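Note that the coordinates shown come from a computational prediction; the quantities given were computed from them, not determined experimentally.
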Amino acid sequence: KGILVFRDKAYPVEQKQPKSGRRKRIDLWWKPHGGGLLILIPYLMSQHKAWAGCDITCHTILGENQDEDTIRRKVEQMFHELR
């Protein structure tokens with residue numbers, strides 16, 4: 001299961017960055033064992049001119065018995081291979 005949440009009520013296509021000076025950001029909350037298809041969505045969004053140049057941040061959700069360092073290395077390796 002996946003959920004998309006848009007924080008802004010509307011994102012004007014002609015405006016590349018918010019007026020506040022902060023960069024646009026896509027936050028991805030991802031379970032490593034949930035598959036990699038969800039990772040594709042932020043990338044596809046960033047190809048649209050409304051989201052071009054935005055920062056993409058991946059937050060990983062760990063289970064109780066998962067080692068943070070091991071998961072971090074696996075996720076970093078996976079992102080490196082996707083590039």
Side-chain angles (χ1 to χ4, degrees):
K1 293 181 181 180
I3 298 173
L4 289 176
V5 178
F6 291 93
R7 184 172 158 180
D8 294 332
K9 293 180 182 175
Y11 52 94
V13 172
E14 66 277 356
Q15 183 179 338
K16 292 192 175 189
Q17 295 299 331
K19 291 180 182 178
S20 65
R22 295 183 312 178
R23 292 180 55 92
K24 287 186 179 183
R25 185 178 75 203
I26 299 173
D27 289 310
L28 169 66
W29 291 87
W30 179 63
K31 292 182 181 181
H33 60 278
L37 187 58
L38 188 61
I39 294 172
L40 184 60
I41 294 172
Y43 169 76
L44 293 174
M45 287 175 62
S46 71
Q47 301 306 297
H48 189 278
K49 61 183 174 180
W51 293 97
C54 69
D55 295 324
I56 299 174
T57 305
C58 180
H59 305 274
T60 306
I61 301 169
L62 301 176
E64 290 182 25
N65 299 328
Q66 292 180 311
D67 179 51
E68 180 180 347
D69 292 329
T70 302
I71 296 296
R72 182 186 310 270
R73 282 193 301 274
K74 287 181 180 179
V75 170
E76 287 174 354
Q77 178 182 359
M78 185 187 72
F79 278 115
H80 179 72
E81 291 171 0
L82 288 174
R83 290 183 184 166

Rounded to the nearest 0.5 angstrom, the CE-CG distance for Met45 and Leu28 is 10.5 Å
Output side-chain donor-acceptor pairs under 3.5 Å for residues 52-63, partner residues at least two apart or in another chain, one line each.
unit_1	atom_1	unit_2	atom_2	d
Asp55	OD1	Arg23	NE	3.3
Asp55	OD1	Arg23	NH2	3.4
Asp55	OD2	Arg23	NE	3.2
His59	NE2	Asp27	OD1	3.3

For Arg72, the side-chain hydrogen bond (donor to acceptor under 3.5 Å, both in side chains) test, sequence neighbours excluded, returns Glu68
Sorted by chain and residue number, the side chain to side chain contact (heavy atoms under 4.5 Å, CB included) partners of Asp67 (sequence neighbours excluded) come out as Asp69, Thr70
In short, Trp51 meets Lys24 closest at the heavy-atom pair CE3-CD, 4.3 Å
